[in-house]
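Within every chain, numbering begins at 1; the chains are lettered A, B, ... in the order of the sequence lines, protein sequences first and strands thereafter.
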There are 2 protein chains.
Amino acid sequence: MNRAESSLDTIDIILRTATEHFAERGLAGARIDEIARDAGVNKATIYYHIGGKDELYAAVFRENMRNSTERLLSNVEAKQTAEEKFKAYVQTMVENLRENKAAAPLMMRELASGAENIPQEGLQYIVKMLTTIIQTLEQGRQDGSFRDTNPGLTHLMIIGSIMFYTAGEPLRKKLMGLMGADFPMLEYTKDCDLARDISDFLLHALKP
Amino acid sequence: MNRAESSLDTIDIILRTATEHFAERGLAGARIDEIARDAGVNKATIYYHIGGKDELYAAVFRENMRNSTERLLSNVEAKQTAEEKFKAYVQTMVENLRENKAAAPLMMRELASGAENIPQEGLQYIVKMLTTIIQTLEQGRQDGSFRDTNPGLTHLMIIGSIMFYTAGEPLRKKLMGLMGADFPMLEYTKDCDLARDISDFLLHALKP
DNA sequence: CCGTTAACTAAATGGTTAGTTAAAATTTTA
DNA sequence: TAAAATTTTAACTAACCATTTAGTTAACGG
């Protein structure tokens, strides 16, 4: 392996490991020493390649948002009708958040911190996602398949329910242990089931 | 002022101040010295009355959950029909989260941390809230005013949308600055408007 | 094969922070 | 008023932790 490739691999494993740590413990709670240990590199290597804790965090956030946004946009654009696009939006959001377990915790911590550590580029990705769902709802409104609803509210329903479902898994486990199995708790094993239920529920609210 | 009252006041100001700090910075990010300074008490007073950082955090979480839950249950129980109860649930949840700005950040950070620092009593309050909404939805299903939907999913929509709206305010401000005023961003000045819109949206999905 | 340079490391540095302590001051109680 | 509870003061410590520094290793180009 040549120098450039090995370098990229190192940066990649650092970012992957840091993503988990920042998601589980937050910016303040994560430890550079532990990230380095779990990534199998020396602490100074992180400083050499990426920079200090803040820059590492920004890089982690940016990469995660970039991946999610690119996939979301391309999946939605591939569809024609407003309803298909809406379903693709929900489905892809569910896939993104379930494949990358860190995404929801990262975003929720950012919201809790007043979005103070989101890098500029991260904001751009959020705008792209918002624009996509707004355009989809507008398309549906114009062709009569959707009611005239507040797009911001609809987006809140999508993002809120999926993020809370994803990040809420450990809490649900604790509650289940406390309540017994007969308590009707939400639990999906497949992405498509959750995405379908959310789509169905929200489309019921969106349709005239 | 007698001894008990004065003591309660001291504990109260400590808990209030700590609530803000933990919400804004998280358990790891909050500083005992800063909490003491902002509360206007000596650091040793916190240890005298409450204990260490973890105990302070648990007390903060417990008190916040207790307040919210008590208000929620009493407001819902005062109503008769399923739809009235549903609206009261949403309305009270909105009021709770907007009057106590710390509640949503505290809960979102907990979810992100795998609910690891929620005290036992806090879990009990969550169960009470869940039970309330489940019973309300069941009541509506039986008398034919609601469809047969997954109660867990419905709760996810309520709690997700309200929490993301509440905690998302700083992010919305940043996005507004980035996008210009013509971008259709959700912004309510009154509790009742947000609660009404969410109720209307969800009732549209719940009704047969 | 050799000098250069990117990649990496081990160890040190220095600031930060949770928690403690002991004595004194203040307030409340009885 | 004496005892008890509360709070302050302020110094202290032991651990923690981000960042730096000085040095090592090995790939690369010529």
Side-chain angles (χ1 to χ4, degrees), chain A residues 1-63 106 109-110 113 116-117 119, chain B residues 1-63 106 109-110 113 116-117 119:
Chain A
M1 188 160 16
N2 65 26
R3 232 163 23 191
E5 281 167 355
S6 139
S7 196
L8 286 179
D9 279 0
T10 304
I11 291 174
D12 193 61
I13 184 68
I14 290 172
L15 288 182
R16 267 184 222 282
T17 311
T19 297
E20 285 175 32
H21 280 253
F22 284 134
E24 285 168 19
R25 294 157 235 244
L27 175 53
R31 298 290 162 242
I32 294 281
D33 289 82
E34 289 177 11
I35 293 171
R37 173 177 36 84
D38 290 359
V41 303
N42 187 281
K43 192 164 45 156
T45 305
I46 296 178
Y47 288 88
Y48 175 77
H49 279 298
I50 296 169
K53 205 185 191 187
D54 289 348
E55 283 146 295
L56 178 59
Y57 180 82
V60 160
F61 201 90
R62 188 170 0 94
E63 280 312 292
L106 280 177
R109 283 188 200 277
E110 267 312 315
S113 308
E116 276 189 344
N117 300 297
Chain B
M1 186 153 32
N2 65 27
R3 198 139 69 182
E5 281 167 356
S6 143
S7 215
L8 285 179
D9 279 359
T10 303
I11 292 174
D12 193 62
I13 183 67
I14 290 172
L15 288 182
R16 266 184 223 284
T17 311
T19 297
E20 284 176 31
H21 279 252
F22 284 134
E24 285 169 18
R25 294 159 237 245
L27 175 53
R31 300 288 164 243
I32 295 283
D33 289 84
E34 289 178 11
I35 293 171
R37 176 180 29 89
D38 289 359
V41 303
N42 189 279
K43 182 162 67 151
T45 308
I46 296 178
Y47 287 89
Y48 177 78
H49 278 296
I50 297 169
K53 203 184 190 187
D54 288 348
E55 283 147 296
L56 178 58
Y57 179 83
V60 159
F61 201 90
R62 189 172 358 93
E63 280 311 293
L106 280 177
R109 284 188 199 277
E110 266 312 316
S113 307
E116 276 189 345
N117 301 297

| request: Return the value, rounded to whole Å, for the distance between atom CZ of B/R37 and atom C1' of D/dT8. | output: 17 Å
| said: Looking at D/dT8, I'd like to know if its phosphate oxygens (OP1 or OP2) sit under 4.0 Å from a side-chain N or O belonging to B/T45. | reply: yes
| message | Please find the pair of heavy atoms, one from A/L15 and one from A/V60, that lie closest to each other, and give the distance. | response | O-CG2, 3.8 Å
| request: Scan nucleotides 12-21 of chain C nucleotide by nucleotide, 5' to 3', and note B when protein non-hydrogen atoms come under 4.0 Å of the base, S if they reach only the sugar-phosphate, - if neither. | output: -----SBBBB
| query | Reckon A/H49 has a side-chain N or O less than 4.0 Å from the OP1 or OP2 of C/dA6? | reply | no
| said: Just N and O in the side chain of A/Y48: are any of them under 4.0 Å from OP1 or OP2 of C/dA7? | reply: yes
| task | Check A/H49 against A/T10 and note the closest heavy-atom contact, atom names and distance. | result | CD2-CG2, 4.1 Å
| Spacing between A/I46 atom CD1 and D/dT20 atom P, to the nearest angstrom | 13 Å
| remark: In whole angstroms, the gap separating C1' of C/dA6 from CG of A/L8 amounts to 13 Å
| Spacing of A/I35 atom CD1 relative to D/dC17 atom P, expressed in whole Å | 12 Å
| Quick one: do the B/T17 and B/R37 side chains pair a donor with an acceptor below 3.5 Å? | no
| task | Please determine which of A/R25, A/K43, A/K53 meets the salt bridge (Lys or Arg N to Asp or Glu O under 4.0 Å) test together with A/E34. | result | A/R25
| message | Could you report the tightest heavy-atom contact between B/A30 and B/I35, atom names first, then the distance? | response | CB-CD1, 4.4 Å
| task | May I have the distance from A/L56 (atom CG) to D/dT19 (atom C1'), rounded to whole angstrom? | result | 13 Å
| query | Does the side chain of B/Y48 come within less than 4.5 Å of B/N42's, by heavy atoms? | reply | no
| Just to confirm, is there a sub-4.0 Å distance from OP1 or OP2 of C/dA7 to any side-chain nitrogen or oxygen of A/T10? | no
